[in-house]
**Student:** 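I am attaching a structure below and will ask some questions about it afterwards.
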Amino acid sequence: QRQMCIRDRLDAALFLFVLAIFALGVRRPFIWVLLYLYIDILSPQKIGWGLMQMFPLSLIAFCAAFGGWLMTDTKKDVRFTFRQGLLVVLLLWCFYTLQGSPFPEPAQEKWDWVWKAMFFAIFLPFTLMTRLRLEAAAMTMVLTVGAIIISASMKTALGGGGYEQLYFFVNDNSGLYESSTLSTVAIGIIPLVLWFSRHGTIFAPDWRVKLFCYALVFACLMIPVGTEARTGLVCIAVLAVLALRDVKRRALFLLAGGLLGMMAIPFLPQSYFERMSTISSHDGDQSASTRVAVWEWTWDYVAENPRGGGFDIYRANKFTYRMPERTGEGNTQSIEYKEVVDEGRAFHSAYFEVLGEQGYLGFLVWIWLQLLGLWHMERIRRKWRKRTGEGERWQAPFATALQYAHIIYLVGALFQGIAYQPFIMMLIGLQIALHVYCKRLDSPQNKGIRSTRGPSGARKGGPAVAAREAALR
């Protein structure tokens with residue numbers, strides 16, 4: 001009875017919190033965009049069990065966000081970009097391949113959340129027209145996924161964890177609550193967390209903010225340990241390599257990283273080492289062996305069906321592979337290979353997921369979308385990194401953080417079917433918004449307004465110029 005009472009209070013608290021954010025949005029409709037980010041990432045309706053499940057909160061929040069933007073936001077500086085066009089093409093192609101799917105029910109179930117994630121990624125940049133909004137969206141994403149990360153890392157530190165044994169807010173192995181996905185996202189947001197510790201304006205980066213950011217980075221690094229996800233270890237290695245690009249003393253950085261790694265070894269459980277040891281070879285691990293077999297099947301399937309088979313076409317696979325089986329003990333061990341027949345195995349790779357489901361055209365559009373994002377962030381980084389003017393020092397680090405997060409995702413996606421993961425689609429929306437924002441600042445009109453300022457920053461040209469600058473802002 002006491003547990004039921006606690007659950008009722010938790011459910012009521014979550015529901016009242018969401019209602020309070022809805023109420024705040026009446027005065028500032030952009031808050032509804034942030035609310036949708038929060039609901040779509042955390043899924044509070046899965047945490048609650050009564051009031052939280054009575055209403056379609058995600059749909060209500062999206063309608064409020066879209067309606068608020070439609071009725072109150074200025075559309076003067078709205079630009080429809082090429083990457084948004086790629087998202088539209090991919091969305092339409094996914095709908096086309098959905099028709100006549102061999103597995104209509106599971107395909108429809110996947111379509112129900114994929115189209116929402118992609119549509120919101122197309123819509124999100126229209127709402128992020130200022131630095132404050134860009135930062136607010138990024139902060140909401142980081143703090144919301146940070147809530148899951150902090151909870152899971154505390155359980156790991158207190159002795160919990162293990163492969164498929166680290167429990168989060170909900171007993172659900174989908175979305176961000178899947179261990180490998182959470183590990184990838186946890187490592188991917190570290191550059192963004194560090195950006196907030198240096199350039200944030202919503203919470204000024206004083207010692208308290210920096211302490212929280214560094215503690216959150218430590219919690220992110222704990223997730224691959226607690227989940228024992230092999231992908232998480234690979235992502236940490238990728239992040240370390242990327243960090244070499246920005247650190248001034250690379251030798252000292254490598255030495256410090258090596259020492260920290262050696263200091264952490266005694267505290268890692270034996271099960272973690274056993275799990276990580278399977279990275280070096282896929283032959284002795286059934287999970288890795290089936291992935292390779294599925295990828296081979298997918299390649300052959302697309303060769304015969306160039307347009308793909310639609311969502312969840314992996315359910316049609318069936319294959320045979322050989323697995324080594326060790327017998328005996330010590331020096332008398334012998335290895336015999338046995339044939340294993342398997343079917344209906346998931347892709348376990350975003351690349352093969354898109355290739356198998358959407359064919360060559362869908363894969364080309366999807367990979368173009370990813371690579372173009374990396375290139376846009378690199379251009380912003382190079383163009384803005386040497387600028388020292390007021391309000392011009394945060395763009396290059398922000399673009400770098402988004403680029404590194406995207407690279408880590410692309411590496412982690414090699415081993416997970418997360419091609420349409422909503423958090424990643426939000427990340428793409430942030431990249432598009434930053435690209436549009438920086439292009440607008442570099443527009444001839446804006447440069448002309450900045451040139452009217454004197455050395456002290458005062459405006460030249462009187463009230464007319466001041467009014468024009470205010471309108472642009």
Side-chain angles (χ1 to χ4, degrees), residues 90 93-114 118 163-164 173-175 178-181 183-184 229-231 234-235 275 278-325 335-371 409-421 424:
L90 184 58
W93 183 255
C94 288
F95 179 74
Y96 170 71
T97 58
L98 179 69
Q99 313 307 312
S101 171
F103 306 96
E105 291 186 8
Q108 183 63 46
E109 184 178 345
K110 183 172 182 178
W111 166 255
D112 288 342
W113 64 265
V114 167
M118 295 178 66
Y163 183 61
E164 296 184 344
N173 193 38
S174 63
E178 196 277 323
S179 57
S180 295
T181 304
S183 296
T184 300
R230 293 170 293 191
T231 306
V234 176
C235 290
R275 178 75 177 161
T278 60
I279 292 179
S280 59
S281 175
H282 71 274
D283 293 336
D285 182 72
Q286 186 170 354
S287 174
S289 296
T290 54
R291 295 185 186 194
V292 174
V294 170
W295 298 344
E296 293 175 350
W297 175 88
T298 304
W299 188 260
D300 294 336
Y301 176 83
V302 178
E304 298 178 2
N305 303 270
R307 79 176 188 94
F311 291 137
D312 279 14
I313 191 59
Y314 72 85
R315 297 175 184 272
N317 64 43
K318 185 175 183 180
F319 46 84
T320 303
Y321 60 94
R322 301 181 69 193
M323 273 286 297
E325 188 176 84
I335 299 178
E336 296 181 358
Y337 286 85
K338 64 175 183 178
E339 287 192 348
V340 179
V341 179
D342 212 336
E343 60 182 323
R345 299 290 299 206
F347 292 107
H348 287 294
S349 171
Y351 300 86
F352 285 95
E353 176 188 8
V354 177
L355 182 64
E357 294 180 344
Q358 312 307 329
Y360 295 123
L361 177 61
F363 179 80
L364 178 63
V365 174
W366 182 82
I367 199 67
W368 196 356
L369 177 70
Q370 312 302 325
L371 296 180
Y409 156 71
L410 290 176
V411 173
L414 287 167
F415 316 105
Q416 308 167 69
I418 52 175
Y420 313 100
Q421 221 292 324
I424 305 305

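Predicted model, so just to flag it, every value in this text is computed and none were measured. Basis for what follows: all heavy atoms, side chains included, without hydrogens, waters or symmetry-related copies.
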**Student:** Where do V354 and A419 come nearest, in terms of heavy atoms and distance?
**Tutor:**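 Heavy-atom minimum between the residues: CG2-CB, 3.4 Å.
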**Student:** So, taking the atom named SG in C94 and the one named CH2 in W111, what distance separates them when rounded to the nearest 0.5 Å?
**Tutor:**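 Between C94 SG and W111 CH2, I get 6.5 Å after rounding to 0.5 Å.
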**Student:** Considering non-hydrogen atoms only, spot the tightest contact between E353 and I418 and give its length.
**Tutor:** OE1-N, 3.4 Å
**Student:** What's the separation between atom CG in L371 and atom CG in L410, rounded to the nearest 0.5 Å?
**Tutor:** 7.5 Å
**Student:** Starting from the C-alpha separation in whole Å, work towards a yes-or-no answer on side chain to side chain contact (heavy atoms under 4.5 Å, CB included) for L355 and W366.
**Tutor:** CA-CA 9 Å; L355 182 64; W366 182 82; over 6 Å; no
**Student:** To the nearest 0.5 Å, what is the distance between CH2 (W368) and CG (L90)?
**Tutor:**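 Separation between the atoms: 13.0 Å.
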**Student:** Going by heavy atoms in the side chains, are F352 and V294 under 4.5 Å from each other?
**Tutor:** no
**Student:** Would you say that N317 contacts Y301 through its side chain, given a criterion of any heavy-atom pair below 4.5 Å between the two side chains?
**Tutor:** no
**Student:** Do the side chains of E178 and Q416 get nearer than 4.5 Å, heavy atoms only?
**Tutor:**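 Yes, side chains in contact.
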**Student:** Distance check, rounded to the nearest 0.5 Å: I424 atom CD1 versus Y409 atom OH?
**Tutor:**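 Result: 6.0 Å between the selected atoms.
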**Student:** Between the side chain of W93 and the main-chain N/O of Q358, is any donor-acceptor distance below 3.5 Å?
**Tutor:**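 Here the side-chain-to-backbone pair exists.
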**Student:** Any non-hydrogen side-chain atom of R307 less than 4.5 Å from a side-chain atom of Y360?
**Tutor:** no
**Student:** So, do S349 and W295 sit near enough that their side-chain heavy atoms are less than 4.5 Å apart?
**Tutor:**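 Yes - at least one pair of side-chain heavy atoms lies under 4.5 Å apart.
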**Student:** Taking the side chain as every heavy atom from C-beta outward, state whether P102 and I313 have any pair of such atoms under 4.5 Å apart.
**Tutor:**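 They are in side-chain contact.
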**Student:** Rounded to the nearest 0.5 Å, what separation is found between the OH atom of Y351 and the CD atom of Q370?
**Tutor:**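 The distance works out to 7.5 Å.
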**Student:** Heavy-atom count around Q108 CD within 6.0 Å, excluding the residue itself: above 12?
**Tutor:** yes
**Student:** Any chance CD of Q99 has more than 12 other-residue heavy atoms, nucleotides or ligands included, within less than 6.0 Å?
**Tutor:** yes
**Student:** Determine whether V365 and L369 make a side-chain contact, defined as any pair of heavy atoms from C-beta on separated by less than 4.5 Å.
**Tutor:** no
**Student:** Can you confirm whether W297 sits close enough to R345 that some side-chain heavy atom of one is under 4.5 Å from a side-chain heavy atom of the other?
**Tutor:**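 No, side chains not in contact.
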**Student:** What's the spacing between N305 CG and T298 OG1 if we round to 0.5 Å?
**Tutor:**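 Going from the CG atom of N305 to the OG1 atom of T298 covers 11.5 Å.
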